[in-house]
Amino acid sequence: MLDLKFIRNNLDSIEQMLQNRNTDVDLSEFRSIDTKRRQLLTEVEGLKNKRNTCSDSIALLKRQKEDASAQIAEMREVSREIKQLDAQISQLDAQLDALIHMIPNMPHESVPVGSGEEDNPVVRTWGERPSLDFEPQAHWTLGEQLGILDFERGAKITGARFTLYRGAGARLERALINFMLDEHTTRHGYTEVLPPFIVNKTSMTGTGQLPKFADDLFKLEGLDYYLVPTAEVPVTNIYQNEILEAHELPVYFTAYTPCFRKEAGSYGKDTRGLIRQHQFNKVELVKFAAPDNSYEELEKLLADAESILQKLNIHYQVVNLCTGDLGFSASKTYDIEVWLPGQGVFREISSCSNFEDFQARRANIRYRPKEGGKTRYVHTLNGSGLAVGRTLLAILENYQQEDGSVVVPEVLRPYMGGMEVIR
RNA sequence: GGAGAGGUGGCCGAGUCGGCUGAAGGCGCUCGCCUGCUAAGCGAGUGAGUGGGGAAACCUGCUCCGAGGGUUCGAAUCCCUCCCUCUCCGCCA
């Protein structure tokens, strides 16, 4: 959510931003609702002031055992007016609130203007494509042949886009989770948290999933509870409605959670394999930072995520999302895309973003600056470190051998009971 | 799930029969004094949000005592609904 005053003073640049993001939010009514609201506010506050002072004098009269019925009668009328104005104001508040919750974040100046993913510039590339002297297979073929991924039974148990992992597959998934958490906690300074996997509406609104993206979420029947679509939601909301001290910043959290997404609007896309599931595992990185160094923190967070792929020795590239591809709440996002030889493409495996104060304002997360003075909103950041299912499939495709077996990356062997090859 | 108690400022904790309590007192924090240094002591200050005025320091209105409604001229204080915490019982991994 953007600052109301900022919106008021920068309507033109916001309109431009909406265009760059290919979003259509109608701001034409903003001005009139905002002015009307402030008008009524001034009016009702004047009346409340009158009521407050009169109440004091009524109290005084009562204490002196004098008659106050004239004032009381007058105030009865004033109170009626106040009630009426308050009702009008809260209606305008609701309208304004609905409007500003639909406005996406302002992109950072380093974000290129572009219309879609084809306009995302590549920031850097790491490693090389594996030289396979045979026709590489897609992970779904490898996984089924090895008996470690069972798509049919996943679909039987639940439905499309659910997968059953078996044997070495299940263990590899677990190995990856542990490996990633260990790296981030022991080498990169993150504190591990294990949050609830179900959150309420306030938390969803705090990080920006609601109200706009309700269709992507699994909601529990009859409750205002939702399955988490990412650990970003519960972890960022750890400090919802809190004021941190400057010396506590930055705070680094890492969390493993399953993620649940309806993937509405992706019918027919990525129907095969592990790429797009309704349930997947992810290790997330979340930071709370002071505004003056949040972009340095973003670079470090990105490097922390990249280091996992480097240790696994998998070729990847980093792209800077352009305005047309940038997420609703983000000011700036880097995607890490891994090379998938079985499909001959780069696929997103991590998304690292700085939200600046957009989420902090919604979730009311502030800090007290060192130099004192008014509290300020923190900057929130997060990134996948990494998406576990996609990492597993990247390993299958990059480490496959001609006979369909898959070599276990060295760093994972201790987590796999020493297993060197899945066959 | 049943019974009871409770939710007040960064923290702890008073708030009597509704009015002078945005909130006593303490802790913490900040500044000053004192001290060879530290501690102790002394003095002063110290909530948030949102409007208006001012170049600014600052002045000023309104709102906020778990959340939302209600009663009243007036509510932290009374009533209703919901949420959360604690204790006991029941159930349970």
Side-chain angles (χ1 to χ4, degrees), chain A residues 1-9 30-101 194-206 210 220 222-226 234 237-249 251 288 290 357-378:
Chain A
M1 172 167 87
L2 298 174
D3 179 41
L4 188 60
K5 261 179 274 184
F6 176 83
I7 301 173
R8 198 176 286 150
N9 300 327
F30 175 85
R31 192 75 77 187
S32 62
I33 297 174
D34 182 53
T35 356
K36 180 74 180 165
R37 175 178 165 275
R38 282 196 288 166
Q39 235 169 41
L40 294 179
L41 221 45
T42 319
E43 197 179 331
V44 78
E45 283 179 4
L47 288 176
K48 283 180 177 173
N49 180 239
K50 188 173 174 188
R51 183 178 71 183
N52 288 343
T53 46
C54 281
S55 286
D56 284 350
S57 57
I58 289 170
L60 200 68
L61 288 174
K62 290 249 178 183
R63 238 174 290 135
Q64 295 167 341
K65 306 267 189 265
E66 287 180 35
D67 178 49
S69 51
Q71 283 89 333
I72 290 176
E74 193 193 341
M75 281 309 105
R76 193 170 293 153
E77 187 47 45
V78 170
S79 276
R80 216 193 319 273
E81 285 177 53
I82 289 175
K83 202 174 247 183
Q84 211 207 343
L85 286 171
D86 271 342
Q88 284 183 53
I89 290 168
S90 66
Q91 209 182 355
L92 292 174
D93 273 344
Q95 282 180 46
L96 211 55
D97 218 51
L99 201 57
I100 65 179
H101 274 91
L194 184 61
F197 299 163
I198 296 175
V199 298
N200 60 29
K201 192 183 202 163
T202 307
S203 294
M204 282 293 187
T205 308
L210 288 176
L220 300 197
L223 294 167
D224 253 350
Y225 288 173
Y226 302 80
N237 277 285
I238 286 174
Y239 290 129
Q240 176 200 117
N241 283 318
E242 292 193 35
I243 300 173
L244 303 172
E245 295 300 331
H247 66 80
E248 296 178 78
L249 298 176
V251 179
F288 300 84
D357 62 7
F358 189 85
Q359 294 181 326
R361 183 172 291 108
R362 286 175 164 239
N364 196 25
I365 306 170
R366 293 167 289 170
Y367 78 103
R368 222 177 286 285
K370 263 192 214 70
E371 60 281 8
K374 281 176 76 73
T375 56
R376 298 181 61 187
Y377 290 110
V378 302

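Heavy atoms only: backbone and side chains are in, while hydrogens, waters and symmetry mates are out. In what follows, chains carry the letters A, B, and so on, assigned in the order in which the sequence lines appear, proteins first and then strands, with residues in each chain numbered from 1.
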All N/O contacts under 3.5 Å from nucleotides 72-74 of chain B to the protein, with atom names and distances to one decimal?
{"residue": "B/C73", "atom": "OP1", "partner": "A/Arg76", "partner atom": "NE", "Å": "3.0"}
{"residue": "B/C73", "atom": "OP1", "partner": "A/Arg76", "partner atom": "NH2", "Å": "2.7"}
{"residue": "B/C73", "atom": "O4'", "partner": "A/Ile72", "partner atom": "O", "Å": "3.4"}
{"residue": "B/C73", "atom": "O3'", "partner": "A/Ser79", "partner atom": "OG", "Å": "3.1"}
{"residue": "B/G74", "atom": "OP1", "partner": "A/Ser79", "partner atom": "OG", "Å": "2.8"}
{"residue": "B/G74", "atom": "O4'", "partner": "A/Ser55", "partner atom": "OG", "Å": "3.3"}

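Rounded to whole Å, the separation between the P atoms of B/C65 and B/G19 comes to 16 Å. The same atom, P, is picked in B/G2 and in B/U81; the two are 14 Å apart, to the nearest Å. A gap of 31 Å separates the P atoms of B/C86 and B/G26, to the nearest Å. Across B/U8 and B/A76, the matching P atoms stand 16 Å from one another, rounded to whole Å. Remark: the separation of the P atoms in B/G36 and B/C11 is 39 Å, to the nearest Å. Rounded to the nearest Å, the gap between the P atom of B/U16 and that of B/G6 is 13 Å. Going from the P atom of B/U30 to that of B/C82 covers 45 Å, rounded to whole Å. Taking the P atoms as reference points, B/U38 lies 15 Å from B/C29, given to the whole Å.
A donor and an acceptor atom, one from each side chain of A/Asp224 and A/Asn200, are nowhere located under 3.5 Å apart. Residues A/Arg366 and A/Asn364 bring a donor and an acceptor atom of their side chains to less than 3.5 Å of each other.
The backbone N or O of A/Arg8 lies less than 3.5 Å from a partner atom in the side chain of A/Arg31, making a donor-acceptor pair. The backbone N or O of A/Glu45 lies less than 3.5 Å from no partner atom in the side chain of A/Asn49, so there is not a single donor-acceptor pair.
Of the two residues contacting RNA chain B, namely A/Thr53 and A/Tyr377, the nearest-nucleotide position lying further toward the 5' end is that of A/Tyr377. Nearest-nucleotide positions on RNA chain B place A/Leu60 closer to the 5' end than the other of A/Leu60 and A/Asp3.
A/Lys201 places its NZ atom 15 Å from the P atom of B/C83, with the value rounded to the nearest Å. Taking atom NZ of A/Lys48 as the reference point, atom P of B/G52 lies 16 Å away to the nearest angstrom. Protein atom CD1 of A/Ile89 is 11 Å distant from nucleotide atom C1' of B/U63, rounded to whole Å. Computed from coordinates, the A/Asp93 CG to B/G68 P distance equals 13 Å when rounded to whole Å. What separates CG of A/Leu244 from P of B/C11 is a distance of 12 Å, to the nearest Å. The CZ atom of A/Arg80 sits 15 Å away from the C1' atom of B/U71 (whole-angstrom rounding). If you measure from atom CZ of A/Arg37 to atom C1' of B/G49, you get 12 Å, rounded to the nearest angstrom. Between the NZ atom of A/Lys36 and the P atom of B/G51 there is a distance of 18 Å, given to the nearest Å.
In this structure, A/Gln84 places its CD atom where only 12 or fewer heavy-atom neighbours from other residues, nucleotides or ligands lie under 6.0 Å away. Atom CD of A/Gln91 has 12 or fewer heavy atoms from other residues, nucleotides or ligands within 6.0 Å.
A close approach under 4.0 Å does occur between a side-chain nitrogen or oxygen of A/Arg366 and OP1 or OP2 of B/G49. Proximity of A/Thr375 to the phosphate of B/G49: a side-chain N or O atom is located under 4.0 Å from OP1 or OP2. When the side-chain nitrogen and oxygen atoms of A/Asn241 are compared with OP1 and OP2 of B/G66, none of them lie within a distance under 4.0 Å. A sub-4.0 Å separation between OP1 or OP2 of B/C62 and a side-chain N or O of A/Asn49 is present.
To the nearest 0.5 Å, atom NZ of residue A/Lys201 and atom CG of residue A/Leu210 are 7.5 Å apart. Distance check, rounded to the nearest 0.5 Å: CD1 of A/Ile89 to CZ of A/Arg38 gives 13.0 Å.
Counting any heavy atom pair closer than 4.0 Å across all strands shown, A/Arg361 reaches no nucleic acid atom.
Of all heavy-atom pairs spanning A/Arg362 and A/Thr205, the tightest one is NH1-O, 2.8 Å. The nearest pair of heavy atoms linking A/Pro234 to A/Pro195 is CB-CB, 3.6 Å.
The pair A/Lys50-A/Glu74 counts as a salt bridge, with a side-chain nitrogen and a carboxylate oxygen less than 4.0 angstrom apart.
When distances run from any side-chain atom of A/Asn52 to the nucleotides B/G49, B/G51, B/C62, the shortest one goes to B/C62.
Among the duplex regions that RNA chain B forms, those built from at least three successive Watson-Crick or G-U pairs under 3.5 Å are B:1-7 with B:83-89, B:10-12 with B:25-27, B:28-33 with B:41-46, B:47-53 with B:58-64, B:66-70 with B:78-82, ordered by first number.
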